[in-house]
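I have placed the structure first, in the form of structure tokens, so that the comments after it can refer back to it.
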Protein chains: 2
Amino acid sequence: MDFADVSASERPYLPPAVAVSTVAFALNPPSGALVVEEGVRHDAAGETSATLWIPLVRRTRAPYLGRWALPGGPTRWDETLADTALRSIRAAAQCTPGYLEQLYAFGGVERSADAQRLVTIAYWAMLGEDDLSTAVPGGAEGGSTGASTAEQAGGRRWDDPRVDPPRADPPRAEIGAAIDESGRADANVAWCSADALPDLAFDHSAITDYALARLRSKTEYAAVAHRFLGPVFTIGQLRAVHEAVLGYAVDPANFRRQILARGALIDTGERETGSPHRPARLYRFSNEAAPEFPDARPQPRRPA
Amino acid sequence: MDFADVSASERPYLPPAVAVSTVAFALNPPSGALVVEEGVRHDAAGETSATLWIPLVRRTRAPYLGRWALPGGPTRWDETLADTALRSIRAAAQCTPGYLEQLYAFGGVERSADAQRLVTIAYWAMLGEDDLSTAVPGGAEGGSTGASTAEQAGGRRWDDPRVDPPRADPPRAEIGAAIDESGRADANVAWCSADALPDLAFDHSAITDYALARLRSKTEYAAVAHRFLGPVFTIGQLRAVHEAVLGYAVDPANFRRQILARGALIDTGERETGSPHRPARLYRFSNEAAPEFPDARPQPRRPA
DNA sequence: ACAATAGTGTCTCTAAGACAGTATACT
DNA sequence: AGTATACTGTCTTAGAGACACTATTGT
């Protein structure tokens with residue numbers, strides 16, 4: 001079932017195609033990755049500035065040929081929407097995100113100009129430092145470009161209400177942004193600071209803005225920031241993540257109290273070592289009581 | 001382009017179809033409407049209990065033949081997703097909602113069993129008392145079943161980032177829940193209390209739960225409740241809406257202060273008349289400063 | 001007069017923010 | 001000793017909730 005032989009003038013009358021686009025956030029680009037900043041391209045060096053990074057994919061066909069776009073592509077017949085999002089992230093960033101959430105469905109009739117009507121379901125994701133191969137958090141060492149698409153989705157829960165195991169071999173569709181599955185550091189994949197994105201293809205700039213707003217919003221009222229970190233972390237590290245995401249300084253004392261008052265952090269009893277100051281307690285995150293729906297908000301105080 | 005002649009065994013391999021389902025909330029069912037409560041069916045009478053009501057459509061084909069389902073159906077080639085939601089609401093409730101917002105995209109692979117893969121974008125909507133024909137707010141008068149699909153979408157903004165004017169006559173697709181466009185009180189349309197819904201077709205019960213959670217959530221942190229009312233209302237009426245939606249009593253004094261502190265209510269200078277007590281001020285709602293994205297939340301106080 | 005709701009005043013309590021002060025590691 | 005961060009204490013302030021009290025209509 002391929003629409004390639006349908007004449008261009010009939011394409012707008014076809015049933016809409018379904019594609020997924022993903023905004024994947026990381027605290028740092030993986031070491032050795034191609035970095036693009038507002039059109040100027042250079043290799044990753046220095047710059048441990050506290051911004052967020054997003055992997056982009058270069059368009060290899062019209063429309064928007066050569067422009068940067070969000071990773072994504074059409075859903076396969078045997079994939080959930082979340083699975084498609086995961087696959088596109090793995091293809092672009094060579095890792096599996098620690099968090100994935102649906103963002104919005106874009107279905108305007110004019111989104112892809114003359115091409116077939118396209119409905120895009122946007123997702124956003126968080127890539128932990130652990131997930132990104134073996135990147136050194138603060139450094140610029142041109143390390144190994146993490147091999148073997150690590151299948152590390154152990155026991156994680158995606159937001160899609162029902163998730164099915166994949167079935168047999170599917171046929172490939174040909175619509176929308178292509179997903180590169182070759183692995184390996186790809187010249188068509190670049191990492192870009194969320195603060196200085198170039199103009200993206202389609203409406204992907206708007207999607208990215210929306211995703212950034214959602215990430216900031218959830219960082220303020222929900223407990224998601226820890227997913228940028230490993231399984232064990234200090235409150236200071238967590239605070240640094242909040243500051244990077246929110247873009248402003250947070251009082252250490254008040255942050256500590258508020259984050260502990262939520263009751264989601266579990267003291268491991270161990271301490272950080274090797275720091276040039278008083279060692280901090282190490283905490284784990286308690287995954288109990290996940291919200292029923294991905295964008296549910298905490299219950300406000302309600303009068304009796 | 002019709003998939004009807006594709007054999008059933010090939011259907012799961014087709015590209016997914018795109019449909020829309022809508023959860024439309026109203027404070028009261030329209031007078032004269034068919035009311036269904038947990039399978040027991042009877043005409044609307046008395047019962048001005050403070051619950052929310054939702055229009056449902058009976059399935060007229062397999063799967064789930066005969067079960068109640070959310071209004072909806074496939075998107076036409078020339079419609080935005082929001083337009084499809086509007087059309088399905090107009091067909092089921094014979095009115096245009098005062099608010100419409102995208103809820104979630106459901107795309108699990110097994111949602112429609114053996115049928116073609118179906119991606120459903122769910123919307124939720126608020127139907128104002130004004131919108132529902134000429135229903136009497138508190139009463140059970142079997143009044144006129146409001147005629148003529150009133151086109152009253154004057155100057156309202158929908159959430160879809162880009163909205164286009166519809167084009168020419170589209171062909172009809174044949175997948176998913178049928179939309180009845182005959183108008184008139186339909187035996188296949190029933191109103192049901194959100195508290196006592198029967199088991200719905202597909203995953204529509206879960207969608208409804210999600211929509212209800214979102215409505216309650218937005219009622220608490222955003223200013224949406226006024227859309228259940230007319231253009232002018234008293235704070236007491238607005239409080240009654242909050243109580244109906246949230247399901248618990250709200251202190252009148254504190255509610256007044258909080259709602260006024262938001263700065264979105266404009267005193268018209270006029271007063272309510274005919275009430276057996278001190279007349280209340282009448283307010284309008286200020287539509288300025290609509291959020292950039294439909295589910296944006298108010299900015300919390302941020303330290304300098 | 002009475003009932004009923006509109007609207008105001010004010011007390012309490014919680015939580016956020018600001019910031020001073022103490023604790024404990026490494027150099 | 002000096003520095004840097006961890007952690008604790010506490011003052012101030014804003015806002016939520018509870019609730020008493022006054023205002024103004026119709027019956």
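Residue numbering restarts at 1 for every chain, and letters A, B, ... go by the order of the sequence lines.
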Tell me the interatomic distance from I259(A), atom CD1, to dA15(C), atom P, rounded to whole angstroms. 15 Å
Between atom CZ in R256(B) and atom C1' in dG9(C), what is the gap in whole Å? 13 Å
Do the rings of F285(B) and H226(B) sit parallel, tilted or perpendicular, given the 30° and 60° boundaries? parallel
Using a heavy-atom cut-off of under 4.0 Å over every strand shown, decide if R271(B) touches base, sugar-phosphate, or nothing. nothing
Restricting to pairs with a member in residues 267-282 of chain B, which pass side-chain hydrogen bond (donor to acceptor under 3.5 Å, both in side chains), not counting sequence neighbours? none
dA6(D) P sits how many Å from R257(A) CZ, rounded? 15 Å
Using modelled atom types only, decide if a donor and an acceptor are shared between the side chain of T219(B) and the backbone of L215(B) within a distance under 3.5 Å. yes
How many Å lie between OH on Y283(A) and P on dA6(D), as a whole number? 11 Å
Per atom distances to the D251(B) side chain, the nearest of dC19(D), dC19(C), dA6(C) is dC19(D)
If you look at every strand shown and take non-hydrogen atoms under 4.0 Å, does A261(A) touch a base, only sugar-phosphate, or nothing? nothing
Distance in angstrom units between R239(A) CZ and dC7(D) P, rounded: 11 Å
Scan Q258(A) against the nucleic acid and name what it touches under 4.0 Å (heavy atoms): base, sugar-phosphate only, or nothing. sugar-phosphate
Mark yes or no for whether S193(B), through its side chain, and D195(B), through its backbone, hold a donor-acceptor pair below 3.5 Å. yes
Closest nucleotide among dG17(D), dC7(D), dT8(D) to the N254(B) side chain: dG17(D)
Starting at the 5' end of nucleotides 21-26 of chain D, put B wherever the base has a protein heavy atom under 4.0 Å, S where only the sugar-phosphate does, and a dash everywhere else. --BBBS
Round to a whole Å and report the spacing from CZ of F255(A) to C1' of dT8(D). 17 Å
When the distance from CD of Q237(A) to C1' of dT5(D) is rounded to whole Å, what number comes out? 12 Å
Across all chains, not counting sequence neighbours, the side-chain contact (heavy atoms from CB on, under 4.5 Å) partners of A244(A) are L27(A), A50(A)
In whole angstroms, the gap separating C1' of dA16(D) from CZ of R262(B) amounts to 13 Å
Using a cut-off of 4.0 Å on non-hydrogen atoms, how would the nucleic acid contact of R281(A) be classed: base, sugar-phosphate, or nothing? sugar-phosphate
For the residue pair Y104(B) and F106(B), is the inter-centroid distance of their aromatic rings smaller than 6.0 Å? yes
Are W124(B) and Y210(B) an aromatic pair by the rule of ring centers under 6.0 Å? no
